[in-house]
Amino acid sequence: MAAKVLVVGSGGREHALAWKLAQSPQVSAVYVAPGNAGTSAIAQNVSLDVTEMRKLANFAEQNDINLTVIGPDDPLAYGIVDMFRARGLRIFGPTRASAYLESSKAFAKQLMHEQDIPTAPYRVFRDYAAASAYIRECTLPLVIKASGLAGGKGVYPCPTLAEAEQALTDIMVRHIHGQAGGKVIVESFLSGQELSVHAICDGVNAALFPPAQDHKPIFDGNRGPNTGGMGAIAPVPDVSPELMRNVQRLVIVPVLDVMRRRETPFVGCLYPGLMRENGSTFKVLEFNVRFGDPEAQAYMRLLQSDLYELLAAAADGALGSQQLAWQSGFAVSIALVSAGYPGSAIATGIPISGVAEAERLSDVVIFHGGTVLTDKLRTNGGRVLHVTATGATLEEALERGYRAVRLISFEGMHYRTDIGAQALARMR
Ligand code: AMP
Ligand code: GLY
């Protein structure tokens with residue numbers, strides 16, 4: 001068989017997925033819409049935006065695409081899977097109704113509550129006055145969240161009542177997130193280690209990836225505003241098999257069961273973000289219905305199973321009890337970001353140097369995010385490059401990754417120097 005695959009998205013996650021799909025002996029061509037400079041080197045870029053759903057479906061139909069894989073959350077929330085399926089096109093991802101798990105935090109919290117899935121205590125509000133009265137009765141710190149998709153910017157950790165009040169005013173009075181803030185969640189602040197779990201689901205069964213850890217804040221020491229993710233490690237060395245069994249039993253299985261009972265079976269990558277408490281207990285912070293970015297970049301460096309076979313089987317509801325094969329050791333992904341990120345004034349068009357030199361290092365692969373190839377390679381977004389490396393130990397993978405990072409430069413380039421540092425410290 002010579003399968004053609006379309007990956008939808010333009011970040012490091014999509015570059016990593018396209019890179020891995022291209023390695024499948026079953027795949028003859030990979031297309032990425034819209035892609036970036038990195039994907040154009042390993043696949044064919046298609047100049048369609050991720051939300052041009054009808055045009056994407058037309059492209060898949062006209063080019064005999066055997067499988068479409070969706071990277072980001074927006075097209076899933078808009079129903080791209082429903083549209084492809086209605087046209088008889090095979091696609092990996094959840095339908096609009098199952099994507100509510102990510103696109104409505106109020107829905108996700110309600111479902112967790114009903115299924116006894118461990119999560120922070122919470123209340124949902126539509127009315128500003130009621131929410132404002134409620135926060136005065138709560139124990140601080142609190143977290144206030146816009147229920148809908150807000151580009152990763154709708155979550156406000158609030159150490160003080162004044163900050164909680166400000167968050168409510170911004171979301172419910174000033175409407176800075178528009179409709180996404182129509183419902184607001186007020187929940188208890190949880191502390192601990194964050195953990196990412198990915199489960200490839202076919203509606204009934206799930207194949208779990210090893211645990212990964214993202215590093216969201218922009219600066220070392222987890223300071224500064226949250227970003228899309230500044231770096232990831234996988235697996236996380238001090239996560240017990242018991243914790244992962246508990247995630248499967250207490251989170252993944254109940255979600256799959258209830259979604260099936262609701263007649264919205266979950267097909268796609270179910271990625272709960274967890275807060276680890278101690279040992280084998282945890283609480284679910286949120287559900288995502290897609291691969292994590294930058295988790296996917298680290299995962300794809302370690303996955304030995306055929307990604308095309310895996311995602312096609314899940315899309316067909318035929319995962320069975322498939323076991324995944326992983327390379328031993330660790331993978332890390334370090335994001336190199338533009339000046340101004342994660343704010344809105346991001347410098348672009350800046351020449352990048354050193355990528356070819358860095359790529360020559362052994363066990364290093366560089367996935368592109370916001371890059372464009374004009375006269376030379378230039379920056380074209382917030383997270384520009386994701387430098388990945390593997391090693392027998394986490395220390396070795398980090399050492400290789402940072403050696404590659406130091407060869408690359410562009411004006412205003414910033415990266416965290418402490419990806420994986422907490423995990424290493426916990427091991428000592
Ligand atoms: P979410 O989009 O709900 O995952 O929130 C984004 C980020 O906010 C998470 O990755 C956490 O870093 C943080 N966060 C969300 N909920 C909580 C909570 N209840 N306590 C502490 N941090 C949280
Ligand atoms: N790793 C963060 C995200 O993909 O949402």
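Indexing begins at 1, ligand by ligand and atom by atom, following the structure's order.
The shell of residues lying under 4.0 angstrom from ligand 1, judged by heavy atoms, includes Lys105.
Regarding atom 2 (O) of ligand 1, its nearest protein heavy-atom neighbour is Glu286 OE1, 2.8 Å. Of the protein's heavy atoms, Val143 CG2, 3.5 Å lies nearest to atom 18 (C) of ligand 1. Given atom 7 (C) of ligand 1, the protein heavy atom at minimum distance is Asn226 ND2, 3.8 Å. With respect to atom 11 (C) of ligand 1, the closest heavy atom belonging to the protein is Glu194 OE2, 3.1 Å. Closest to atom 19 (N) of ligand 1, if we only count protein heavy atoms, is Glu187 OE2, 2.6 Å.
Checking Glu163 against Thr160 by side-chain atom types alone, a donor-acceptor pair falls below 3.5 Å. There is a side-chain donor-acceptor pair under 3.5 Å between Glu286 and Asn288. With no hydrogens or angles considered, no side-chain donor-acceptor pair links Thr227 and Lys216 at under 3.5 Å. Between the side chains of Gln193 and Arg426, a donor-acceptor pair is found at a separation under 3.5 Å. Side chains of Glu295 and Ser196: a donor-acceptor N/O pair is present below 3.5 angstrom, by distance only. Side-chain atoms of Asn380 and Thr348 form no donor-acceptor pair, as typed in the model, at a separation below 3.5 Å.
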Residues Tyr78, Met53; criterion side chain to side chain contact (heavy atoms under 4.5 Å, CB included); working and verdict: CA-CA 9 Å; Tyr78 298 150; Met53 306 200 302; 3.8 Å; yes
Asp306 and Ser24: CA distance, side-chain angles, deciding distance, side chain to side chain donor-acceptor pair (under 3.5 Å) verdict: CA-CA 6 Å; Asp306 186 317; Ser24 166; 2.8 Å; yes
Pair Tyr271-Phe287, ring pair (Phe, Tyr, Trp, His ring centres under 6.0 Å): steps then yes or no: CA-CA 6 Å; Tyr271 150 25; Phe287 286 114; 9.8 Å; no
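Below 3.5 Å of separation, one finds an N or O of Leu190 facing an N or O of ligand 1.
Heavy-atom minimum distance, Ile200 versus Ala314: CG2-CB, 3.8 Å.
Less than 4.0 angstrom separates some heavy atom of Lys145 from each of these atoms of ligand 1: 3 (O), 15 (C), 16 (N). Residue Phe189 has at least one heavy-atom neighbour below 4.0 Å for each of these atoms of ligand 1: 20 (N), 21 (C). The atoms of ligand 1 that sit less than 4.0 Å from any heavy atom of Val155 are 1 (P), 2 (O), 3 (O), 5 (O), 6 (C), 8 (O), 15 (C).
Screening His113, Lys283, Lys109 against Thr119 for a side chain to side chain donor-acceptor pair (under 3.5 Å) leaves a single residue, Lys109.
Contacts of Leu285 with ligand 1, taken as heavy-atom pairs under 4.0 Å, involve both backbone and side chain. Under 4.0 angstrom from ligand 1, the non-hydrogen atoms of Ser188 all belong to its backbone.
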Between ligand 2 and the protein, give all atom pairs where both partners are nitrogen or oxygen and the distance is under 3.5 Å, as lines of names plus distance to 0.1 Å.
| unit_1 | atom_1 | unit_2 | atom_2 | d |
| --- | --- | --- | --- | --- |
| ligand 2 | 1 (N) | Asp214 | OD2 | 2.8 |
| ligand 2 | 1 (N) | Tyr271 | OH | 3.1 |
| ligand 2 | 1 (N) | Asp293 | O | 3.3 |
| ligand 2 | 1 (N) | Glu295 | OE1 | 2.7 |
| ligand 2 | 1 (N) | Glu295 | OE2 | 3.1 |
| ligand 2 | 4 (O) | Arg290 | NH1 | 3.0 |
| ligand 2 | 4 (O) | Asp293 | N | 3.0 |
| ligand 2 | 5 (O) | Arg290 | NH2 | 2.9 |

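Note on residues 43-52: pairs passing side-chain hydrogen bond (donor to acceptor under 3.5 Å, both in side chains), not counting sequence neighbours, are Thr39-Asn45, Asp49-Thr51, Glu52-Lys55.
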